[in-house]
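Computed from heavy atoms alone, side chains included, the values below leave out hydrogens, waters and symmetry copies. Computed from a predicted structure; not experimentally measured. The sequence lines fix the lettering, A, B, ..., with proteins before strands; numbering per chain opens at 1.
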2 protein chains.
Amino acid sequence: MNQEFHRQEGNIEGTGFLPGLAIDTVIFGFHDGQLKVLLLEYKNTGLYALPGGFVHDDEDVNEAARRVLQNRTALNNIYLEQFYVFGDYSRYDPTPLKAIMKARGYSPPANHWLLKRFVSVGYYALVDFTRAIPAPDEISDSCNWYNLHELPALMQDHQQIINKALETLQRDLDRKLIGFNLMTEEFTMGDLQSLYETILNKKLIRAAFQRKMLGLGILERVAKKWTGGAHKAPYLYKFASNKTMVDKS
Amino acid sequence: MNQEFHRQEGNIEGTGFLPGLAIDTVIFGFHDGQLKVLLLEYKNTGLYALPGGFVHDDEDVNEAARRVLQNRTALNNIYLEQFYVFGDYSRYDPTPLKAIMKARGYSPPANHWLLKRFVSVGYYALVDFTRAIPAPDEISDSCNWYNLHELPALMQDHQQIINKALETLQRDLDRKLIGFNLMTEEFTMGDLQSLYETILNKKLIRAAFQRKMLGLGILERVAKKWTGGAHKAPYLYKFASNKTMVDKS
DNA sequence: TTATTATTGTAACATATTGATACAATAAAA
DNA sequence: TTTTATTGTATCAATATGTTACAATAATAA
């Protein structure tokens, strides 16, 4: 929940936004056999946080999440799913936001709307690491990928949000065909298995995995991939029915 | 989202509550082979709605949901799960609430907090029909069970909320052992199968169902049930490990 | 008492799914 | 040409699920 700050800093009442409601998005990517998460780093504060934002008072909540996502990744048509509302009272802690504003040379009044209690709607997104172009917002130094298991200390309860997002992703993985959203356009069976193994955090049986994936009838063989290794070249596959890749909610 | 009205009607600013945030709970029961839902009927308006409420500004959102549930059913320790946030702008329609207040002889000012846009957190609960004691709130004529497939016209998007709750329940049904929360203390295998069939809206194979349920190792045979029918008496079962019945979130 | 009837509990077999092993095919390097 | 590692797939084993069948009852009727 950290966007449009610039314009909203002076907007003490939070006019034009739904009060007390934030959006936090866990944007997953996959690269080099590792799950990645997009994080923002705030200027002069050392604070890391999930990309997020607020909801315009004439905007759907899901629409706001899509806007945030699009602003951080420069991608549209992305798989995005709402997964949980974080609404514990214990989340309420204005210190980090105060620090962020202070670091920008702004001393907010105590009743500034951003310093009040917020409830946050959690979303997770699955993006093609190679196509996303991480872009910081006005109050951030950087927007970068971090290995899921090597994250810096995060603001507020953002680590918990990520944990819950991962749990949800694990549950959803074989129920829907969403894993493909994390792949590049073309990939080998090994790539795909590596993705599944990383998400589920367990080894899978190669033969059974391949049989199952091919049995789904959604993979199209594109070409062979000469890796330069001293062995048979694997096939490159493409996800056939891109209809089901994206879930516009 | 219709509770504590009495006290809040005069509270034009909504002091003490999180602004713009409501809770709606789909309370499922099961009786006579039918899924039931608890609905409130508002006084003098003909409006039906899901039990709901607002969140105190020093209260967890999940806690508020539990409070609402407890107030409507006089039960605690109930299976309750948050399942979706309804945040479309198109939900925004102050007419029903205005009608409810008018029916109570109160003409709210246009800027009354209850007439503003609300985002609603959806919860579903699974209760033992025979133990719940439906209780209306101050602004309702009645709080009663309705057959899921014979519901009256509902306020706002409450029908959609129920639809989504049912979808979630169907998905969660075999992933977790939550079906038992809808059963009475003791039940026959036929009862349980009927519950599953009703929720999933499809016939199940008797032999396979029984085998699977017994294979879970969580059913305890209690006694036999003499139904008075001209046939073998079925066993009564009890859910053994009541640890997993309740999910306190 | 003794059939008759409907329903339950479970065995038995068929089919489908997944786990485990094996092996031929094959790029590149030795 | 041989060696090496990896891929694609066949084969069989183990498990899970679908299907049929049937003995074991409670009540009822004869």
* Structure fact -> Sorted by chain and number, sequence neighbours left out, side chain to side chain contact (heavy atoms under 4.5 Å, CB included) with B:Leu216 holds for B:Leu177, B:Met213, B:Ile218
* How long is the line joining OH of A:Tyr235 and P of C:dA27, in whole Å? -> 9 Å
* Asked: Heavy-atom count around B:Gln160 CD within 6.0 Å, excluding the residue itself: above 12?
  -> no
* Please identify each residue that fulfils salt bridge (Lys or Arg N to Asp or Glu O under 4.0 Å) with B:Lys203, with sequence neighbours left out. => B:Glu197
* To do: Could you pick out which residue, A:Gln210 or B:Gly229, lies toward the 5' side of DNA chain D when each is mapped onto its nearest nucleotide?
  => A:Gln210
* Asked: Can you list every ring-ring contact (aromatic ring centres under 6.0 Å, His included) pair that touches residues 205-233 of chain A, not counting sequence neighbours?
  -> A:Tyr196-A:Phe209
* To do: Take the protein atom CZ of B:Arg211 and the nucleotide atom P of C:dA12, then report the distance between them rounded to whole Å.
  => 13 Å
* Euclidean distance, atom CZ of residue A:Arg206 to atom P of C:dT18 [Å, nearest integer] -> 18 Å
* Just jot down the side chain to side chain contact (heavy atoms under 4.5 Å, CB included) partners of A:Ile205, sequence neighbours excluded, or say none. => A:Ala208
* **Earlier contact from the 5' end, DNA chain C, for B:Thr188 and A:Lys232** => B:Thr188
* A:Lys212 has an atom NZ; how far is it from atom C1' of C:dG19, in whole Å? -> 12 Å
* **B:Phe129: side chain to side chain contact (heavy atoms under 4.5 Å, CB included) partners, not counting sequence neighbours** => B:His31, B:Lys36, B:Trp145
* Report yes or no: is there a donor-acceptor pair, N or O only, under 3.5 Å between the side chain of B:Arg221 and the base of C:dG9? => no
* Asked: Starting at NZ of A:Lys203 and ending at P of C:dG19, how long is that distance when rounded to a whole Å?
  -> 15 Å
* Atom NE2 of A:His231 to atom P of C:dA30: distance rounded to whole Å? -> 14 Å
* **Distance flag, aromatic centroids of A:Tyr84 and A:Phe86, threshold under 6.0 Å** => yes
* **Heavy-atom contact window of chain B on DNA chain D, given 5' to 3' at under 4.0 Å** => D:dT17 to D:dA27
* Asked: Mapping A:Ala208 and A:Lys224 to their closest nucleotides on DNA chain C, which lands nearer the 5' end?
  -> A:Ala208
* Can you check the B:Ile205 CD1 to C:dG9 P distance for me, whole Å? -> 18 Å
* Structure fact -> Bend of the helix from C:dT1-D:dA30 to C:dA30-D:dT1 from end-axis comparison, five pairs per end, nearest 10°, comes to 20°
* Structure fact -> side-chain hydrogen bond (donor to acceptor under 3.5 Å, both in side chains) filter on A:Glu167, not counting sequence neighbours, yields none
* To do: Would you kindly give the CD-to-C1' distance between A:Gln193 and C:dG19, to the nearest whole Å?
  => 13 Å
* Structure fact -> ring-ring contact (aromatic ring centres under 6.0 Å, His included) filter on A:Tyr48, not counting sequence neighbours, yields A:Tyr146
* For the side chain of B:Ala207, counting heavy atoms from C-beta on, which of C:dT26, C:dA11, C:dG19 is nearest? -> C:dA11
